[in-house]
Amino acid sequence: MSAAAGVGQQWVLVEMVQAFYEAPAYHLILEGILILWIIRLIFSKTYKLQERSDLTPKEKEELIEEWQPEPLVPPVPKDHPALNYNVVSGPPTHKITVNGKECINFASFNFLGLLDNEKVKSAAQASLKKYGVGTCGPRGFYGTFDVHLELEDRLAKFMRTEEAIIYSYGFATIASAIPAYSKRGDIVFVDEAACFAIQKGLQASRSNIKLFKHNDMADLERLLKEQEIEDQKNPRKARVTRRFIVVEGLYMNTGDVCPLPELIKLKYKYKVRIFLEESLSFGVLGEHGRGITEHFGINIDDIDLISANMENSLASIGGFCCGRSFIIDHQRLSGQGYCFSASLPPLLAAAAIEALNIMEDNPDIFQTLRAKCEHMHKALQGISGLKVVGESFSPALHLQLEDSSGSRENDVKLLKRVVDYCMNSGIALTQARYLEKEEKCLPSPSFLPVCRVFSMGALQDLHEAVWCS
Amino acid sequence: MERPGRAALGAQPRANGCGAAHGALRNGFVRGLPGTQINHVVHNGGLYKRPFNEAFEETPMLVAVLTYVGYGVLTLFGYLRDFMRQWKIEKCQNAIEREEQKDFVPLYQDFENFYTRNLYMRIRDSWNRPICSVPGAKVDMMERVSHDYNWTFTYTGKVIKGIINMGSYNYLGFAQNNGTCQQAAAKVLSQYGAGVCSSRQEMGNLDKHEELEKLVARFLGVESAMAYGMGFATNSMNIPALVGKGCLILSDELNHASLVLGARLSGATIRIFKHNNMQSLEKLLKDAIVHGQPRTRRPWKKILILVEGIYSMEGSIVRLPEVIALKKKYKSYLYLDEAHSIGALGPNGRGVVDYFGLNPEDVDVMMGTFTKSFGAAGGYIGGKKELIDYLRTYSHSAVYATSLSPPVVEQIITSMKCIMGEDGTTFGKECVQQLAENTRYFRRRLKEMGFIIYGNEDSPVVPLMLYMPAKIGAFGREMLKRNIGVVVVGFPATPIIESRARFCLSAAHTKEMLDTALKEINEVGDLLQLKYSRHRLVPLLDRPFDETTYEETED
């Protein structure tokens, strides 16, 4: 039993040597091979996966010499339709001077006509005298002015929500709001006709995007049901995957409204949150201009986030999001366009406050706008060769060609001729502009006559001009 | 704005390269001390016409350890408080989800907000301070108090007047509410209104915009330029228009969020090189061209290098001569974001290209913002005519976003003409020189006091290192008590142990204001033990070259 006694004192060298002699041969050979293998691995060359072949420095120099990059930008043909802008001299109000010719403005999104309102201008002047023009900093670093806080307060009260947050650029509003909540792995159901800003927000969020046909609730329900089946296969993942529906109140690309009551039903049935983009419907729909929630009579707390830009009805610059504090407060630290960008110039915030005042004091302005929209919609119905796309109470309509010639380029050229003819007769119109390669679902070419509050008599001229061309 | 008396401009070498003096030795502020880098004329084959003094002193070991300990203690307390909140021992002040939506998937992960709830909330009063006057050299702030440890704020209604503003980006002092700029903007406002209500390609292109773009092109020395409504959006909307899949973007480690977002949205491959490190950039360029795209080995379509003029968190200036040399050697394109450096660097205020004396045509895409030095809002891109024509047609902003507001455009036009000297006065040039002198003076004095200051000697952005989390809040509050408004930054804008206070100098700061600020900083530095630097600069015994402007006074 010397081995058993030896176990207790294994550290003694003599015992170790004894064990060495007593071990079986195969054991020693195996250990010897393993030790040799370890030594080989330690001293062998490591392989990098990238360089499969070792190039000599001379070959590398040759490769660097030979490589030719593409030019930074491809050349743009001189007659590209988007290259030559119309130059507007003077203010873009009701009567507008385009390229030297005086026209009636049917192209700016100045729905309530507040662009040249004297009260708005004097409020902006007062703010300019007090604060200067720029804010010289983002909201976190001495860029928060009392006008910003006042505007956020007023917007929240107007929309009857808990809190509102302001951005300094309309496009950046929804494009920063979506990635703040929806991250990689989350699911977003979005309408096909969503505007470009929403598409960019979705791209920045890196979430799974599921498109449903425009305003087709059956299609959306089908997608939601499919997702539910997926969830049952993997309940743990489903418990942490957030879901959102992103829709617009009044669609920019088609001029119609989303069926909000059905969406609310789907929201509670499938437990999805709703983000509503109200750039065109804020200040247009609803009895007091509160947008599509007032239009349909829906409780505003049912919508998780409402985002709008102030560049249409409020005739200012910038955008805002409103909703419950639980949701909006998060954007103050994670909305990229809010944290990393300078705040809105105070004179524009003051102009927006004054515009809100006007909206609150004259609620009949919205009836007038709606009446004009209906009138315009009816008047444009009978024109041969063109069909009107959009709801009757939408201030921005699309006029598309009834029979397309098959090629988008030819359609665009034909429409351009129509627009030019109208321009020469004194009506300023514009074609709807898109980035052809970037849009997910490109709408057909059209032009957009925009209805404004003070445009009664001009409608007759518009009708005639378009008829003749 | 009164200026200190100055001697004739003459042939005396001045700060910021104004007035030639080729290779003249600076005052010897940094006389070969360890831990700093000096590139004199002899280095880099004569690419640099003047010394490039940039220093990032290493964090002292004891300070780093104590900072980690500090964060550890805060984290423990954070867990304790969360535990107490969960078990209703402590009242939960967070906003909570609606009752009807309690069974929805939670909108925020609990852990995501751990930092916000437990660390950020405690010192939240250092940020988002509301002001109610023009953001010039002195500013009025609305007083706000919190009775529940920063969860909610109430405004007392009192206004604290005359706070020295070291936080706003007002480099040339154009944030004014009187004077020629403001009057011109007022006139345009009454004529054009505040908004535009249309995008550039539709009906929003005013004659004012065309005038602005021609002026910007002349200012930068490029063929053509285009202006946009928001600086952040300029980057995030135009980089995707320039590069796409199959292209390579080489971006600096510390680039701004807008550049990172634009690069990600473009769909190109992104590779990061170490901050301002030319060897790292060269290695990446070589590897990219020799090995091509990963896996398919196809050659890259184009390579775009993204750098900034001044990095706002570090205060460092890009090594532009070397970047341009590399760009030419490897046939890539350079995108320079001059958000902070336009107007603030260079003898004529034309930015970092002017500062190094280089040719603006070497930079393919010159981007910048109007928010910082021009006191307005918006961004621009300048370059060759083909580039700008392409952007006019394909930029996302031109098609879908509203154009600049007319009074803002007028402010930019007036201030730019002032800087160029075209309004008939030398006011602009004086502002540029005043800023350069303020920068040199302020940085030198802080280094003499013993603080660790990062960045280049000529950059008007001055980061002062704090390191420990508790000192972030303490520094902000103590300075406010002494009527000085500073900006403090911590994680996640900076690495976790390198929190700092950042001063933005302005041409509107007079020497008295700077001296007051320096005195208070000295006091607070002693109080909070912030003087970490081991390379204390020796106060100069020989008289400085600009002695005629600034006397060395006793504090």
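Computed from a prediction, not measured in an experiment: that's the story for all the values here. Labels below follow one simple rule: chain letters A, B, ... track the order of the sequence lines, proteins then strands, and each chain is numbered from 1.
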Chain B heavy atoms under 4.5 Å from [X]: which part of the residue, side chain, backbone, both or neither?
{"X": "A:R139", "answer": "both"}
{"X": "A:E62", "answer": "neither"}
{"X": "A:I96", "answer": "side chain"}
{"X": "A:A315", "answer": "both"}
{"X": "A:A238", "answer": "backbone"}
{"X": "A:Y270", "answer": "neither"}
{"X": "A:N86", "answer": "both"}

With chain B as the partner, which of [options] has the greatest number of non-hydrogen pairs under 4.5 Å?
{"options": "A:L128, A:V133, A:L115, A:L72", "value": "A:L72"}
{"options": "A:L63, A:V120, A:D329", "value": "A:L63"}
{"options": "A:G132, A:P69, A:C136", "value": "A:C136"}
{"options": "A:V147, A:V272, A:N117, A:D186", "value": "A:V272"}
{"options": "A:E66, A:R243, A:R273", "value": "A:R273"}

### Task
For A:R242 and B:F104, run side chain to side chain contact (heavy atoms under 4.5 Å, CB included): C-alpha distance rounded to whole Å, both residues' side-chain angles, the deciding distance at 0.1 Å, then the answer.
CA-CA 8 Å; A:R242 297 174 273 243; B:F104 280 42; over 6 Å; no
### Message
Checking A:Y85 against B:R200: is there a side-chain donor and acceptor pair closer than 3.5 Å?
### Response
no
[X] versus chain A, heavy atoms under 4.5 Å apart: side chain, backbone, both or neither?
{"X": "B:Q411", "value": "side chain"}
{"X": "B:A377", "value": "side chain"}
{"X": "B:Y330", "value": "both"}

#### Entry: Smallest separation among heavy atoms of A:Y131 and B:C132, with atom names
CE2-C, 3.7 Å
### Task
Locate the shortest heavy-atom distance separating A:L348 from B:S405; write the atom from each residue and the value.
CD2-OG, 3.6 Å
### Query
Taking the six-membered ring for Trp, is the centroid-to-centroid distance between B:Y108 and A:F326 below 6.0 Å?
yes
### Task
Test B:Q101 against every option in A:K267, A:R324, A:K271 by the side-chain hydrogen bond (donor to acceptor under 3.5 Å, both in side chains) rule and name the one that passes.
A:K267
